[in-house]
Amino acid sequence: PVIIEDIFVTNLVNIEPIGDGYYRFTFAASQASLYGGGNDYVVKVRIVLSASLVISSATAALKAVGVKCICMVRNAIHH
């Protein structure tokens, strides 16, 4: 068996189209600043996904957090 560690992130920093229907997602985590006061954001992982995987992953993620239809997302954003 192979152990794959979890990567904890707090922010989606950027989504960059890189061509041929692929997108690079950059995620970061907030941590206490090494220079005193406040927080810094440290890039933790970049993941390249196809457009079809982006759509299926977004659909699965919304379902996992209890969103039954996209109208629920629109209502949550506007409240």
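Just the heavy atoms: all of them, side chains too, but no hydrogens, waters or symmetry mates, feed the values below.
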Any pair with a residue in residues 50-61 that passes salt bridge (charged side-chain N to carboxylate O under 4.0 Å, His left out), sequence neighbours left out, goes on the list, sorted by first then second residue, please. none

Residue pairs passing the salt bridge (charged side-chain N to carboxylate O under 4.0 Å, His left out) test where at least one lies in residues 46-59, sequence neighbours excluded: none

When you group the ILVMFWY residues by side-chain heavy-atom contacts below 4.5 Å and let the links chain together, are Leu49 and Val9 in the same group? yes

When clusters are formed from ILVMFWY side-chain contacts under 4.5 Å, directly or step by step, what else is grouped with Ile55? none

For Thr10, side chain to side chain donor-acceptor pair (under 3.5 Å) partners two or more places apart: none

Per the side chain to side chain donor-acceptor pair (under 3.5 Å) rule, what does the pair list look like for residues 52-63, sequence neighbours excluded? Ser50-Ser52

The remaining residues in the hydrophobic cluster of Tyr41, counting side-chain heavy-atom contacts under 4.5 Å among Ile, Leu, Val, Met, Phe, Trp and Tyr, are none

Check residues 11-25 and write down every donor-acceptor pair under 3.5 Å in which the side-chain atom is one partner and the other belongs to a residue at least two apart or another chain.
{"residue": "Glu16", "atom": "OE1", "partner": "Arg24", "partner atom": "NH1", "Å": "2.9"}
{"residue": "Glu16", "atom": "OE2", "partner": "Arg24", "partner atom": "NH1", "Å": "3.4"}

Hydrophobic cluster membership, Ile47 vs Leu53, 4.5 Å side-chain cutoff: yes

I'd like to check the side chain to side chain contact (heavy atoms under 4.5 Å, CB included) partners of Ser33; sequence neighbours left out, ordered by chain and number. Tyr35, Asp40

